[in-house]
Peer 1: 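So that we are looking at the same thing, I have put the structure below in structure tokens.
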Protein chains: 2
Amino acid sequence: MTRRSGVGSQRPNDHACALSEVVEQVSGKWSIGVLLAAADGPVRYTQLEQSVTGISRRMLTLTLRNLERDGLLVRTAYPTVPPKVEYTLTGMAVELCESLTALTDWAQRHRDAIERSRVAYDAEPGTG
Amino acid sequence: MTRRSGVGSQRPNDHACALSEVVEQVSGKWSIGVLLAAADGPVRYTQLEQSVTGISRRMLTLTLRNLERDGLLVRTAYPTVPPKVEYTLTGMAVELCESLTALTDWAQRHRDAIERSRVAYDAEPGTG
DNA sequence: CTGTATCCGGCCGGATACTG
DNA sequence: CAGTATCCGGCCGGATACAG
């Protein structure tokens, strides 16, 4: 931070607003997983179902529809029998994923602290 | 991306996992707003209530407690009458906010596309 | 293979009242 | 000023069954 002079007229609330919109788009329980699973190239429905461990068909479809609707995924259906559908990241989504690496890096730097905050307070062993 | 050679053994799923954890921590309806509102320095409860437009006392408290618990905020209570409580970002949180600017930048680059995706689909012109 | 439809429980979050 | 307690509605998401 401390770049107040560079941004200009942007108040903190503006940042918060824009930021919240972005976060909300990927804040679904499965959005990140689906996005990352589709990052390596065109993937099929069943491939996603397998890579995104634990997701149900319902949530996979809903997540895909949302990402598609937000312009992050493109759905390509081939009129074959049996049907074949491929999902591909848009340029926007690729850039988003790249931006998200900043968060991944942050998470890695503070992995220990996060771990501690997610367990601790409940374990309470006698070993210290 | 395209840093596959640098990270080493990290599979996409690992990224997705770490990433999801981070996103989850700031995915509450008010987390981002509170975080950004507290970024300028120590802020008091009522200050937050005012800057974070629309938040209720209940949600403000819950959000603060969560951020505190995740090590992103520090709560300082002064034993005065009337009471005075200040909230400050931790170093972790400051770094997180800096990382989040990557997302803000992304949002700004794709602001138009985001706008379109949030309206559209309801207009339904006859051009298609 | 790629979905859709329905039911249902749990959690998130708003409104309101009360407290030290 | 800075919270806490309670009620309650709506949405998210899991399980399951059905369909082209």
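Everything numeric here is computed off the predicted structure, so don't read it as measured data. Note on naming: letters A, B, ... go to the chains in the order of the sequence lines (proteins, then strands), and numbering restarts at 1 for each one.
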Peer 1: Rounded to the nearest Å, what distance is computed from the CG atom of residue Asn66(B) to the C1' atom of nucleotide dC11(C)?
Peer 2: 13 Å
Peer 1: Measuring to OP1 and OP2 of dA2(D), would you say a side-chain N or O of Arg75(B) lies under 4.0 angstrom away?
Peer 2: no
Peer 1: Remember a base hit wins even if backbone is also touched, and classify Tyr78(B) as base, sugar-phosphate or nothing at under 4.0 Å, heavy atoms.
Peer 2: nothing
Peer 1: To the nearest Å, give me how far apart CG (Leu48(A)) and P (dC1(C)) are.
Peer 2: 13 Å
Peer 1: Looking at Met92(A), is its backbone amide N or carbonyl O close enough to the side chain of Trp106(B) to form a donor-acceptor pair, meaning the two atoms are under 3.5 Å apart?
Peer 2: yes
Peer 1: For dG3(D) and Arg65(B) - does any side-chain N or O of the residue sit under 4.0 Å from the phosphate oxygens OP1/OP2?
Peer 2: yes
Peer 1: In this structure, how many angstroms lie between the P atom of dG13(C) and the CZ atom of Arg57(B), rounded?
Peer 2: 19 Å
Peer 1: Which of these, Arg44(A), Lys84(A), Glu86(A), sits in a side chain to side chain donor-acceptor pair (under 3.5 Å) with Tyr78(A)?
Peer 2: Glu86(A)
Peer 1: Measure CG/Leu62(B) against C1'/dT4(D) and give the value in whole Å, please.
Peer 2: 10 Å
Peer 1: End-to-end bend of the helix from dC1(C)-dG20(D) to dG20(C)-dC1(D) (five-pair axes, 10° rounding)?
Peer 2: 40°
Peer 1: Give the rounded distance in Å between these two atoms: CG of Leu60(B) and P of dG3(D).
Peer 2: 8 Å
Peer 1: If you group Ile, Leu, Val, Met, Phe, Trp and Tyr by side-chain heavy-atom gaps below 4.5 Å, do Val74(B) and Leu36(B) land in one group?
Peer 2: no
Peer 1: In whole Å, I'd like the distance from the CD atom of Glu49(B) to the P atom of dT4(D).
Peer 2: 13 Å
Peer 1: Does Ser27(B) offer a backbone N or O that forms a donor-acceptor pair with the side chain of Ser31(B) under 3.5 Å?
Peer 2: no
Peer 1: Is it the case that the side chain of Thr101(B) and the backbone of Thr104(B) share a donor-acceptor pair, with hydrogens and angles ignored and the cut-off at 3.5 Å?
Peer 2: no
Peer 1: Rounded to whole angstrom units, what separation is found between the CD atom of Glu68(B) and the P atom of dA2(D)?
Peer 2: 15 Å
Peer 1: Can you find a side chain N or O atom of Tyr87(B) that sits less than 4.0 Å from OP1 or OP2 on dG3(D)?
Peer 2: yes
Peer 1: Taking only side-chain nitrogens and oxygens of Thr46(A), does any of them come within less than 4.0 Å of OP1 or OP2 of dT2(C)?
Peer 2: yes
Peer 1: In whole angstrom, what separates Met59(B)'s CE from dT4(D)'s P?
Peer 2: 13 Å
Peer 1: I want to verify a distance call: between dG20(C), dG3(C), dC1(C), whose nearest atom is closest to the Thr61(A) side chain?
Peer 2: dG3(C)
Peer 1: Return no unless some side-chain N or O of Arg58(A) is found under 4.0 Å from OP1 or OP2 of dG3(C).
Peer 2: no
Peer 1: How many angstroms lie between atom CH2 of Trp30(A) and atom OG1 of Thr63(A), to the nearest 0.5 angstrom?
Peer 2: 8.5 Å
Peer 1: Stepwise, does the side chain to side chain contact (heavy atoms under 4.5 Å, CB included) test hold for Leu89(B) with Leu72(B)?
Peer 2: CA-CA 6 Å; Leu89(B) 293 198; Leu72(B) 296 175; 5.9 Å; no
